[in-house]
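Note that this is a predicted model, so its numbers are computed, not measured. Lettering of chains follows the sequences in order, A, B, ..., and the numbering in each one begins at 1.
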Amino acid sequence: DAGVIQSPRHEVTEMGQEVTLRCKPISGHNSLFWYRQTMMRGLELLIYFNNNVPIDDSGMPEDRFSAKMPNASFSTLKIQPSEPRDSAVYFCASRFSGGQETQYFGPGTRLLVL
Amino acid sequence: GQQVMQIPQYQHVQEGEDFTTYCNSSTTLSNIQWYKQRPGGHPVFLIQLVKSGEVKKQKRLTFQFGEAKKNSSLHITATQTTDVGTYFCAGQTGANNLFFGTGTRLTVIP
């Protein structure tokens, strides 16, 4: 199994630009999570989906952030417009609900907004 | 709301010394999981504890779940440089998603 796949692995952009992060969960997993990690705030849950449906988006910082899961094998996290304070590592994780509930994390996208 | 706190935030140990990190939840948990994140890496699942008072071991790592299912600990015996990283606990209540702790960053001095 390839594990959770995220792209791009690194992104450098200028303030005001749109940023799209992509995630392919592990095949067969029915829950998907987006996290943000910074030194100051640690690991924060942004949003999670169950069976492609957003369940809890209370962690999404503001309207500049949006997430979609059009099908079971693909999700995007979009930031528009981006700001320097959005600089962080963004992780996608997936799990099979009903099993051990273990979350499998992708390698992350390191985002730097200048 | 749900909160999971970990102490200490940082720990520096000499190689061969023991290390312990503690995790406390504001609410009773259905289970608790532990993850390790190497520098520059991503969190990787280590173990899950479900039963009150449960103790599990993985080689030099010992995991405990409190009797009240509100706290947990991870103890590493005789640390090695390969143990370097940040250790996170993550608590779950019912069918809800995991609430990750603040993490303990372990540095092992050779």
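With hydrogens and angles disregarded, a donor-acceptor distance shorter than 3.5 Å links the side chain of Y35(B) to the backbone of Q103(A).
Heavy-atom neighbours of E14(A) CD from other residues, nucleotides or ligands within 6.0 Å: at or below the threshold of 12. Counting non-hydrogen atoms of neighbouring residues, nucleotides and ligands closer than 6.0 angstrom, the CG atom of D63(A) reaches no more than 12 such neighbours. Shown here is R38(B), whose CZ atom has no more than 12 heavy atoms of other residues, nucleotides or ligands within 6.0 Å. In Y22(B), the OH atom is not crowded: 12 or fewer heavy atoms of neighbouring residues, nucleotides or ligands sit closer than 6.0 Å. Within a 6.0 Å radius of CZ in R64(A), other residues, nucleotides and ligands contribute more than 12 heavy atoms.
Contact annotation for residues 34-45 of chain A against chain B (heavy-atom separation below 4.5 Å, listed by residue number): Y35(A), Q37(A), M39(A), L43(A), L45(A).
No side-chain heavy atom of R95(A) sits less than 4.5 Å from a side-chain heavy atom of F45(B).
No continuous path of hydrophobic side-chain contacts links W34(B) to V50(B) [ILVMFWY only; heavy atoms under 4.5 Å].
In this structure, R110(A) has no salt bridge (charged side-chain N to carboxylate O under 4.0 Å, His left out) partners at least two apart in sequence or on a different chain.
T102(A) contributes atom OG1, which lies 5.5 Å from atom CD of Q48(B) (distance to the nearest 0.5 angstrom).
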